[in-house]
Amino acid sequence: MINRVEISSDRIRNSNSQNGVIQPLLTDLYQINMAYAYWKSGKHDDVAVFDLFFRKNPFQGEFTIFAGLQECLTFLQNFRYSESDIEYLRENMPPTVEPEYFEFLANLTTEEVTVYAVDEGKVVFPRVPLLVLEGPLIVIQLLETTLLTLVNYASLVATNAARYRMAAGRKMKLLEFGLRRAQGPDGGLSASKYAYLGGFDGTSNVLAGKLYNIPVKGTHAHSYISSFSSLDDLHIDTLKHKETGEELSLKEASLRWRSRLADTLNIIQSEASDGELAAFISFAIAFPCGFIALVDTYDVLKSGILNFCAVALGLHDLGYRALGLRIDSGDLAYLSCIARASFTTVAEEYELDWFASLQIIASNDINEDTIISLNEQGHKIDCFGIGTHLVTCQRQPALGCVFKLVEINGEAKIKLSQDMEKITCPGKKSVYRLYGEDGHALIDLMHRTSEEAPSVWEESPVPPSIPGGQESLCEPSQSGTPAQDVLAERGTAAASP
Ligand SMILES: Nc1ncnc2c1ncn2[C@@H]1O[C@H](COP(=O)(O)OP(=O)(O)OP(=O)(O)O)[C@@H](O)[C@H]1O
Ligand SMILES: O=P(O)(O)OC[C@H]1O[C@H](OP(=O)(O)OP(=O)(O)O)[C@H](O)[C@@H]1O
Ligand SMILES: O=C(O)c1cccnc1
Ligand SMILES: [Mg+2]
């Protein structure tokens with residue numbers, strides 16, 4: 001399950017450019033101090049093995065999605081202190097530090113480091129190493145903080161996104177809207193990237209779309225609606241018919257439809273906002289093939305739905321189909337049901353089947369519990385736009401991945417603690433995800449690399465009832481239930497999380 005990966009593989013060379021702040025000085029000072037002390041005490045040639053792992057699943061959940069690997073490998077491949085880095089360290093470390101140390105740092109690369117890793121995007125469990133680094137102690141020590149910062153938030157957001165996906169179901173469209181609320185520009189970019197990895201369909205973050213090839217999507221804000229006060233604010237109200245090219249008034253068409261629809265939908269036309277209608281018409285003229293309207297600026301039931309349907313039908317007269325609407329406040333379950341019922345009524349009344357399946361997007365402080373609650377109540381939403389709680393990981397703001405020394409010069413090392421949770425599993429380990437005959441994953445089995453690999457169809461001494469095999473993770477395995485690789489060879493579908 002945890003395989004050797006090439007730091008300089010094609011997938012790294014071909015990967016998109018890395019955020020400029022990911023560089024060797026993006027670390028804690030104590031790493032560079034330790035490296036000096038190692039160097040000074042002649043530990044240049046010591047070979048170390050470090051495990052990167054977490055102790056507890058986030059969000060009081062049962063799983064974690066591993067993310068950030070590609071960024072780690074790119075970082076390792078490019079690892080090199082620049083001249084200005086060295087200059088900075090020279091000026092900021094104590095004057096007693098020997099000048100030769102800075103020469104040593106200037107020539108440091110990760111060439112002698114071997115990386116073993118779980119595939120990015122896999123489901124992972126506590127205590128199982130996600131990354132194992134083997135190589136010169138000094139170099140690996142210098143990598144700790146950066147690797148942790150690359151994996152911790154990435155995996156947390158990917159896990160959060162996967163949980164939202166599980167709550168919302170496969171069919172629901174999920175858009176990430178979090179940039180404005182993220183922990184700074186960097187957090188915003190990472191959130192967009194790893195929410196997509198965790199199962200979202202797209203992002204509103206344009207730079208993330210460009211850098212990471214994520215679909216970018218967007219509607220409009222309340223400011224667009226409230227910038228129009230009346231129909232007089234419409235400077236342009238015509239649009240070319242999609243097929244004939246004839247220039248026709250979308251305003252006239254929408255107004256005609258609004259009068260008819262007021263009867264059809266039983267809404268008092270005079271209570272609907274003309275400013276909102278003007279905003280919808282102008283937005284539809286700008287995006288006739290992609291018209292989505294935000295309908296809650298004034299009143300969803302008295303104004304937004306009526307104005308949206310009027311412009312959608314006006315657009316239809318001109319040969320275009322609207323896409324849908326977005327609701328950003330109020331009771332999202334109730335309002336979505338009313339919106340859908342209105343679409344169905346219009347579809348039936350005017351024999352326009354497609355109108356019944358217009359998209360309903362909901363947003364506004366949505367979190368996992370909101371989605372679960374909406375499902376229980378029943379709703380007609382097709383797409384959630386989710387920002388704040390997704391990117392800030394409301395329920396748990398950090399994942400606790402750690403990076404621990406487990407072997408030095410072939411000798412296993414342990415960290416003891418009064419706190420049982422903090423005791424490390426010593427030694428270089430291999431990890432096997434064991435699958436049952438039906439293709440479902442049973443446990444992750446971890447043992448010393450020097451021990452024999454588990455073999456197919458041989459009984460495991462590990463009780464299968466232990467979830468994730470976690471309590472037995474430090475025990476050596478003599479044999480095992482069918483292993484993933486062998487099942488794959490036999491053509492059995494291995495459970496891929
Ligand atoms: N039917 C529902 N069931 C459960 N939660 C809902 C439902 N409808 C909306 N929510 C959630 O309830 C909260 C409503 O928040 P709040 O009262 O601050 O917003 P609002 O008054 O509707 O709109 P705003 O203050 O943004 O104009 C949001 O988190 C929203 O996602
Ligand atoms: O609610 P989130 O999950 O963070 O999703 C993003 C929010 O950002 C936008 O408005 P913004 O919150 O800026 O303004 P608002 O308070 O008027 O909704 C949008 O309309 C959403 O409400
Ligand atoms: O496109 C949207 O509707 C959007 C984008 C960011 C934040 N809120 C909404
Ligand atoms: Mg909001």
Side-chain angles (χ1 to χ4, degrees), residues 59 156-157 160-165 167-169 172-185 187-192 194-196 198-209 214 216-228 273 275-276 279-280 283 292-305 308 323-341 359-397:
F59 314 119
L156 189 74
V157 170
N160 206 20
R163 293 175 63 96
Y164 278 66
R165 167 56 71 198
M172 183 66 67
K173 272 219 167 325
L174 293 178
L175 301 178
E176 179 270 316
F177 282 175
L179 181 58
R180 65 191 60 199
R181 303 278 153 60
Q183 275 87 346
L189 268 183
S190 297
S192 304
Y194 295 110
Y196 185 59
F200 270 55
D201 297 292
T203 178
S204 61
N205 181 343
V206 185
L207 183 59
I214 302 172
V216 278
K217 305 278 178 203
T219 69
H220 58 248
H222 296 109
S223 52
Y224 189 82
I225 308 295
S226 40
S227 73
F228 291 80
S273 160
E276 184 183 63
F280 287 179
F283 210 72
I292 299 176
L294 177 59
V295 294
D296 72 318
T297 306
Y298 302 116
D299 191 310
V300 177
L301 301 181
K302 291 181 179 165
S303 184
I305 291 178
F308 166 75
L323 296 186
L325 53 74
R326 175 163 78 97
I327 308 169
D328 191 49
S329 59
D331 182 332
L332 299 173
Y334 173 69
L335 293 174
S336 70
C337 290
I338 300 287
R340 180 67 67 211
Q359 203 178 30
I360 298 175
I361 305 171
S363 52
N364 182 27
D365 273 337
I366 288 169
N367 61 20
E368 206 183 319
D369 291 337
T370 317
I371 297 174
I372 292 166
S373 167
L374 289 169
N375 289 344
E376 282 166 6
Q377 294 164 58
H379 65 80
K380 299 290 177 188
I381 298 162
D382 309 290
C383 171
F384 287 117
I386 309 178
T388 312
H389 300 310
L390 171 67
V391 306
T392 62
C393 297
Q394 178 193 32
R395 267 198 187 175
Q396 182 178 324

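Keep in mind that what you see is a predicted model, and the values were worked out from it rather than measured. Whatever order the structure lists them in is the order used to number ligands and atoms, beginning at 1.
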K.L.:
Return the closest protein heavy atom for atom 8 (N) of ligand 1 as residue, atom name and distance.
P.N.:
Leu332 N, 2.9 Å
K.L.:
Could you tell me whether Arg395 and Asp369 have a side-chain N and a carboxylate O separated by less than 4.0 Å?
P.N.:
yes
K.L.:
Which residue holds the protein heavy atom closest to atom 5 (N) of ligand 1, what is that atom called, and what is the gap in Å?
P.N.:
Thr370 CG2, 3.6 Å
K.L.:
Aromatic rings Phe283 and Tyr224: how do their planes relate, parallel, tilted or perpendicular, breaks at 30° and 60°?
P.N.:
perpendicular
K.L.:
Any idea which heavy atoms bring Ile371 and Tyr164 closest together, and the distance?
P.N.:
CD1-CD2, 3.8 Å
K.L.:
Give me the atom names and distance for the closest heavy-atom approach of His379 to Ala333.
P.N.:
CB-CA, 4.0 Å
K.L.:
Within ligand 1, which atoms have a heavy atom of Ser373 less than 4.0 Å away?
P.N.:
3 (N), 4 (C)
K.L.:
List the residues meeting side-chain hydrogen bond (donor to acceptor under 3.5 Å, both in side chains) with Gln377, not counting sequence neighbours, and say none if there are none.
P.N.:
Ser373
K.L.:
Pull out every atom of ligand 1 sitting under 4.0 Å from any heavy atom of Ile366, numbered as shown with elements.
P.N.:
31 (O)
K.L.:
Among protein heavy atoms, which lies nearest atom 26 (O) of ligand 1, and at what distance?
P.N.:
Asn364 OD1, 3.6 Å
K.L.:
Distances only, to 0.1 Å: what are the N or O pairs between ligand 2 and the protein that fall under 3.5 Å?
P.N.:
from, atom 1, to, atom 2, distance (Å)
ligand 2, 1 (O), Asp365, N, 2.7
ligand 2, 3 (O), Gly387, N, 2.8
ligand 2, 3 (O), Thr388, N, 3.4
ligand 2, 4 (O), Arg181, NH1, 3.3
ligand 2, 4 (O), Thr388, N, 2.9
ligand 2, 4 (O), Thr388, OG1, 2.5
ligand 2, 12 (O), Arg181, NH1, 3.2
ligand 2, 12 (O), Arg181, NH2, 3.0
ligand 2, 13 (O), Arg180, NH1, 2.9
ligand 2, 13 (O), Arg181, NH2, 3.0
ligand 2, 18 (O), Asp328, OD2, 3.0
ligand 2, 20 (O), Arg326, NH1, 3.0
ligand 2, 20 (O), Asp328, OD1, 3.2
ligand 2, 20 (O), Asp328, OD2, 2.9
ligand 2, 22 (O), Asp328, OD1, 2.8
ligand 2, 22 (O), Asp328, OD2, 3.3

K.L.:
From atom 1 (N) of ligand 1, is the closest protein heavy-atom distance below 4.0 Å?
P.N.:
yes
K.L.:
Between Arg181 and Asp365, is the salt bridge (Lys or Arg N to Asp or Glu O under 4.0 Å) condition met? List the steps.
P.N.:
CA-CA 11 Å; Arg181 303 278 153 60; Asp365 273 337; 5.5 Å; no
K.L.:
Below 4.5 Å, heavy atoms only, C-beta onward: do Val216 and Asn205 meet side chain to side chain?
P.N.:
no
K.L.:
For Asp365, counting its heavy atoms only, list the atoms of ligand 1 lying under 4.0 Å from any of them.
P.N.:
28 (C), 29 (O), 31 (O)
K.L.:
Of the non-hydrogen atoms in Val295 and Ile327, which two are nearest, and what is the gap between them?
P.N.:
CG2-CG1, 4.0 Å
K.L.:
At a non-hydrogen distance cut-off of under 4.0 Å, which region of Leu374 contacts ligand 1 (side chain, backbone, both, or neither)?
P.N.:
side chain
K.L.:
Can you report which non-hydrogen protein atom sits closest to atom 24 (P) of ligand 1, along with the distance?
P.N.:
Ser329 CB, 4.0 Å
K.L.:
For atom 31 (O) of ligand 1, is the nearest protein heavy atom under 4.0 Å away?
P.N.:
yes
K.L.:
List every atom of ligand 1 that sits less than 4.0 Å from any heavy atom of Ala333, numbering the atoms from 1 in the order shown and giving each element.
P.N.:
1 (N)
K.L.:
Please write down residue, atom name and distance for the protein heavy atom closest to atom 9 (C) of ligand 1.
P.N.:
Gly330 O, 3.2 Å
K.L.:
Quick check against the 3.5 Å criterion: does Asp382 have a side-chain atom that pairs as donor or acceptor with the backbone of Ile360?
P.N.:
yes
K.L.:
For atom 18 (O) of ligand 1, is some protein heavy-atom partner under 4.0 Å away?
P.N.:
no
K.L.:
Mark whether atom 13 (C) of ligand 1 lies under 4.0 angstrom from at least one protein heavy atom.
P.N.:
no
K.L.:
Considering non-hydrogen atoms of the protein only, which is the closest contact for atom 3 (N) of ligand 1, and what is the distance?
P.N.:
Gln377 NE2, 2.8 Å
K.L.:
Find all atoms of ligand 1 within a distance of less than 4.0 Å from any non-hydrogen atom belonging to Asp331, and give their numbers and elements.
P.N.:
1 (N), 2 (C), 8 (N)
